[in-house]
Amino acid sequence: MLVLLAGIFVVHIATVIMLFVSTIANVWVVSDFPKASVGLWKNCTSGGCDDVLSYASEDALKAVQAFMILSIIFSVISLVVFVFQLFTMEKGNRFFLSGATMLVCWLCIMVGVSIYTHHYANGYGTQYPSSHHGYSFILTWICFCFSFIIGVLYLVLRKK
């Protein structure tokens, strides 16, 4: 049981780190011609990054930014609650609060990435029509899967 809890804790920390990286990095959409990448915050070309996104004023991008920040916040809160519950909770109880908070994180990731996919997939809406998804976009979907698995495991596991 201790090994399982430690494994879940390590995966949870990895998920938090990947959420930070995917939200901060500006590699959500990558273009091969011209060599450039677009993120949630900046537009980067071979000459450097600038703060000007052609679609920065769109509500969809602001919603994605908000939901990704909320997912980070809920993931960190879930991690802190899990550690708190681990040391204060009575034996036999389940990690309901940790699991519920992590599932809210999962929901925020799902909404944010779904909005981004709908509005900006394959360079649509960006200035790079011949482009593909970058590692930040893929990392976010990996975090989506991990956060769901962790949330369900927290709901199922009991403290022994």
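No hydrogens, no waters, no symmetry mates; every other heavy atom, side chains included, goes into these values. Residue numbers run from 1 in the order of the sequence given.
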| task | Please tell me if the side chains of Ile8 and Ile149 come closer than 4.5 Å, counting only heavy atoms from C-beta onward. | result | no
| query | Are the side chains of Ile77 and Phe82 in touch, meaning some heavy atoms are under 4.5 Å apart? | reply | no
| said: Once you measure the plane-to-plane angle for Phe137 and His133, does it fall in the parallel (<30°), tilted (30-60°) or perpendicular (>60°) bin? | reply: parallel
| task | Check whether any side-chain heavy atom of Phe9 sits under 4.5 Å from a side-chain heavy atom of Val83, and report yes or no. | result | yes
| request: Show your reasoning for whether side chain to side chain donor-acceptor pair (under 3.5 Å) applies to Thr140 and Ser22. | output: CA-CA 6 Å; Thr140 307; Ser22 67; 3.2 Å; yes
| Trp106 side chain reached by Ile150 side chain, heavy atoms, under 4.5 Å | no
| So, do Tyr154 and His12 have ring centers that fall under 6.0 Å from each other? | yes
| query | Side chains of Leu103 and Leu155: closer than 4.5 Å at any heavy-atom pair? | reply | yes
| request: Output the distance between atom SG (Cys143) and atom CE (Met68), rounded to the nearest 0.5 Å. | output: 7.0 Å
| message | Please identify which of these residues, Val111, Asp59, Leu40, Ile69, meets the side chain to side chain contact (heavy atoms under 4.5 Å, CB included) condition with Val64. | response | Leu40
| Can you find a heavy atom in the side chain of Gln65 that is under 4.5 Å from one in the side chain of Trp41? | yes
| Above 12 or not: heavy atoms from other molecules or residues under 6.0 Å from CZ of Phe146? | no
| note | To the nearest 0.5 Å, atom SG of Cys105 lies from atom CG of Leu79 at 11.0 Å
| task | Treating Ile, Leu, Val, Met, Phe, Trp and Tyr as nodes and any side-chain heavy-atom pair under 4.5 angstrom as an edge, say whether Ile17 and Ile138 lie in one connected cluster. | result | yes
| What distance separates Ile73 CD1 from Ser78 OG, expressed to the nearest 0.5 Å? | 13.5 Å
| request: State, yes or no, whether a side-chain contact exists between Ile109 and Leu19 at a heavy-atom distance under 4.5 Å. | output: yes
| task | Give a yes or no on whether Phe84 and Phe74 share a hydrophobic cluster (residues Ile, Leu, Val, Met, Phe, Trp, Tyr; joining criterion: side-chain heavy atoms under 4.5 Å apart). | result | no
| field | Heavy-atom pair with the smallest gap, counting every atom of Tyr135 and Ala25 | value | OH-CB, 3.4 Å
| query | If you round to the nearest 0.5 Å, how far is OG of Ser71 from CE of Met110? | reply | 12.5 Å
| request: With the side chain counted from C-beta on, respond yes when Val113 and Trp141 share a heavy-atom pair under 4.5 Å apart, and no when they do not. | output: yes
| side-chain contact (heavy atoms from CB on, under 4.5 Å) evaluation trace for Leu5 with Phe95 | CA-CA 11 Å; Leu5 287 175; Phe95 297 96; 4.1 Å; yes
| query | In Å and rounded to the nearest 0.5 Å, what is the CG to CG distance from Leu4 to Leu157? | reply | 5.0 Å
| request: Check for a donor-acceptor pair, side chain of Thr23 on one end and backbone N or O of Phe20 on the other, with a separation under 3.5 Å. | output: no
| task | Ignoring hydrogens and angles, tell me if any N or O in the side chain of Asn43 forms a donor-acceptor pair with the backbone of Val38 under 3.5 Å. | result | no
| task | Applying side-chain contact (heavy atoms from CB on, under 4.5 Å), run through Val152 and Met102 and close with a yes or a no. | result | CA-CA 9 Å; Val152 169; Met102 197 63 188; over 6 Å; no
| field | Shortest non-hydrogen contact between Gly134 and Val30, atoms and distance | value | CA-CG2, 3.7 Å
| query | Transitively linked via ILVMFWY side-chain contacts under 4.5 Å: Phe148 with Val156? | reply | yes
| request: Determine, using the 4.5 Å side-chain heavy-atom cutoff (strictly less than), whether Phe87 and Ile13 are members of one ILVMFWY cluster. | output: yes
